[in-house]
Protein chains: 2
Amino acid sequence: MGTTSKALSLLDFFSRAQPLIGLSQMSRLAGINKASTHRLLGELADFGLVEQVTPGREYRLGPAFLRLAALREQNVPMRETAYALLETLADETGETTHMSLLQGEVLSTLAYAYADGHGTLVRMEDAEVLSLHATSSGLAVLAYSPPGFIDEVLSKRLTARTSQTKTDPEVIRASLPQIRTTGIAVSIGGFEEDVHSYAAPVFGANSACIGAVAVATPVSRMTDTLATHIKGRVLASALQLTRGWGGFPPSAFPKPEPEPIPHQSSKRA
Amino acid sequence: MGTTSKALSLLDFFSRAQPLIGLSQMSRLAGINKASTHRLLGELADFGLVEQVTPGREYRLGPAFLRLAALREQNVPMRETAYALLETLADETGETTHMSLLQGEVLSTLAYAYADGHGTLVRMEDAEVLSLHATSSGLAVLAYSPPGFIDEVLSKRLTARTSQTKTDPEVIRASLPQIRTTGIAVSIGGFEEDVHSYAAPVFGANSACIGAVAVATPVSRMTDTLATHIKGRVLASALQLTRGWGGFPPSAFPKPEPEPIPHQSSKRA
DNA sequence: ACCAATGGTTCAAATAATGAACCGATAAGA
DNA sequence: TCTTATCGGTTCATTATTTGAACCATTGGT
């Protein structure tokens with residue numbers, strides 16, 4: 001592993017649960033000598049990727065991310081387009097919608113939108129990280145990932161977020177073909193209790209899966225008819241986002257249902 | 001310079017004007033051998049700090065910034081608090097407000113807010129970069145920066161954004177003491193024609209200047225009374241932001257005007 | 001007063017970065 | 001069509017950087 005990769009890997013130890021990390025602790029977490037850790041953090045700090053809240057104290061993520069994220073979004077407005085789509089999807093389904101991107105072996109929340117009209121809804125968090133095995137989005141992504149990647153992910157210890165999280169690698173692996181036939185993954189209470197969600201994968205320019213769109217409802221509200229409606233809309237939205245970002249679904253990806261109200265029937269014969 | 005710094009320095013060549021950079025071009029820009037550049041870009045890409053739009057093509061900033069910026073904002077909600085303050089400042093002054101952070105030797109836009117009630121206003125851009133010598137914000141920051149930093153900045157060739165940009169280092173240097181006595185910097189048409197702006201510095205925990213708050217109006221709208229009002233409000237806002245972020249103004253920093261309507265006069269005597 | 005942490009530093013030994021030359025592919029010009 | 005000049009990417013002996021055990025100085029808890 002190159003030195004730069006080592007330095008960047010330090011950034012991944014920051015999380016919502018642990019926003020501040022000291023030198024010694026970082027050294028331990030990363031398994032890197034304290035002197036080296038110190039130098040690497042120093043170089044990251046020079047660029048503003050980390051900062052010390054006070055000299056001789058803990059480190060945290062730095063302000064450079066704000067600048068570069070704004071620039072990235074300016075060049076490639078993923079969040080903006082995702083958010084616009086999620087808003088209409090939330091309107092169409094009347095439920096909370098969510099889009100996440102694959103980053104390493106987890107998903108990170110890109111955007112989400114709430115729907116009006118219900119007293120209860122599924123709440124989302126900014127900067128939330130989703131595990132691949134415990135969420136509908138994760139399963140959707142996993143189903144369309146290369147076999148080697150799937151093996152890699154499933155070989156690790158799978159933690160149970162809730163009592164209903166499936167943690168048996170073989171059970172999960174066995175569920176993937178079904179996802180591939182429909183293009184839709186489901187999770188009932190796997191990540192949060194009382195949340196029922198459907199997700200569909202989004203693909204990049206090389207047809208690799210880069211993330212997923214999901215719709216989440218309280219379990220008590222989900223019915224067969226609502227599920228059918230959601231599945232149709234989430235699949236269509238995911239395809240729309242794939243196209244909007246210049247991506248291509250793999251050739252085997254299921255075609256979306258034709259709209260219930262056919263605009264023109266002449267070509268069907 | 002360490003390897004990591006070298007790799008990170010590549011990121012600074014991406015800009016709004018040049019969002020895509022090829023391998024050879026990056027190698028030339030950075031003055032780094034092509035093989036090394038390739039390896040460094042590869043490591044950055046592994047972490048998602050850059051990505052190739054298609055394999056064997058140009059590079060651009062990567063999606064990891066979205067994730068880490070969200071996490072940073074979650075931990076240290078600078079943009080959010082800045083935006084809230086800018087909104088009230090825009091209300092108070094009736095003009096466009098703006099906050100930027102010092103990053104290296106330039107300012108980068110953190111947030112801005114527009115005011116209601118006017119047919120014309122000063123327009124802001126996301127991810128915009130402001131030079132220190134040509135903007136009121138930049139001058140405010142420069143006035144409160146260490147002498148060595150000032151020398152460094154002023155020793156470089158200063159480009160004229162408009163016909164009214166001051167580019168003589170000594171003229172600029174001579175204007176700094178005046179800024180330090182009032183805590184306010186002014187720019188008339190220095191960055192954009194027809195823009196008149198006032199700015200005040202914001203300080204970090206170690207009393208170092210980290211950025212500036214500014215109010216910008218069309219030149220035609222600025223009057224003496226409006227200027228007085230704006231200067232008072234922008235100074236108060238900058239101090240408020242400094243405190244809100246846990247920073248401290250340097251001891252020599254001017255105290256804000258007492259509010260025009262004194263709440264209590266007993267202590268004055 | 002003590003101990004065990006912390007952040008930070010030193011310097012010879014080990015390791016990773018470097019860069020000129022090279023390859024195959026693509027595109028433009030003659 | 002042939003030539004030339006790019007491009008992205010790779011190779012490998014030389015070189016410079018990174019590494020890590022041991023070392024401070026400080027801090028905070030017992």
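Sequence lines set the chain letters: A, B, ... in the order given, protein chains first and strands last, and positions in each chain run from 1.
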Please tell me if [X] has a side-chain N or O lying less than 4.0 Å from either OP1 or OP2 of [N].
| X | N | result |
| --- | --- | --- |
| A:Tyr59 | C:dT6 | no |
| A:Arg39 | D:dT19 | yes |
| B:Thr3 | D:dT18 | yes |
| A:Arg57 | C:dG8 | no |
| A:His38 | C:dG8 | yes |

Does the separation of the ring centres of [X] and [Y] fall below 6.0 angstrom?
| X | Y | value |
| --- | --- | --- |
| A:Phe253 | A:Tyr144 | yes |
| B:Tyr112 | B:Tyr83 | no |
| A:Phe203 | A:Phe248 | no |

Take atom [atom1] of [X] and atom [atom2] of [N], then tell me their distance rounded to the nearest Å.
| X | N | atom1 | atom2 | value |
| --- | --- | --- | --- | --- |
| B:Glu58 | D:dT6 | CD | C1' | 13 Å |
| B:Leu20 | D:dG8 | CG | C1' | 15 Å |
| B:Glu43 | C:dA17 | CD | C1' | 10 Å |
| B:Leu40 | D:dT17 | CG | P | 14 Å |
| A:Met26 | C:dA5 | CE | P | 20 Å |
| B:Leu41 | C:dA17 | CG | P | 14 Å |
| A:Arg28 | C:dG7 | CZ | C1' | 12 Å |
| B:Asn33 | C:dA21 | CG | P | 11 Å |

Report task. Would you kindly compare A:Ala35 and A:Thr4 by the position of their nearest DNA chain C nucleotide and give the one closer to the 5′ end? Result -> A:Ala35
**Report entry** Residue pair A:His133, A:Thr167: steps toward the side chain to side chain donor-acceptor pair (under 3.5 Å) verdict
**Finding:** CA-CA 7 Å; A:His133 70 283; A:Thr167 56; over 6 Å; no
Requested in this report: Scan B:Lys6 against the nucleic acid and name what it touches under 4.0 Å (heavy atoms): base, sugar-phosphate only, or nothing.
Outcome: sugar-phosphate
Report task. For B:Gln52, report the nucleic acid contact type (base, sugar-phosphate, nothing); a contact means any heavy atom under 4.0 Å. Result -> sugar-phosphate
Query raised in the report: When only distance counts, do a donor and an acceptor, one from the side chain of A:Lys34 and one from the base of C:dG8, lie under 3.5 Å apart?
Result: yes
Requested in this report: Kindly determine whether A:Thr109 and A:Glu128 satisfy side chain to side chain donor-acceptor pair (under 3.5 Å), including the steps that lead there.
Outcome: CA-CA 6 Å; A:Thr109 297; A:Glu128 191 161 42; 4.8 Å; no
Report summary line: Taking C:dG19, D:dT18, D:dT19 as options, the one with an atom nearest any side-chain atom of B:Ser36 is C:dG19
Query raised in the report: Does B:Ser24 or A:Ile32 map to a spot on DNA chain D nearer the 5' end, using the closest nucleotide for each?
Result: B:Ser24
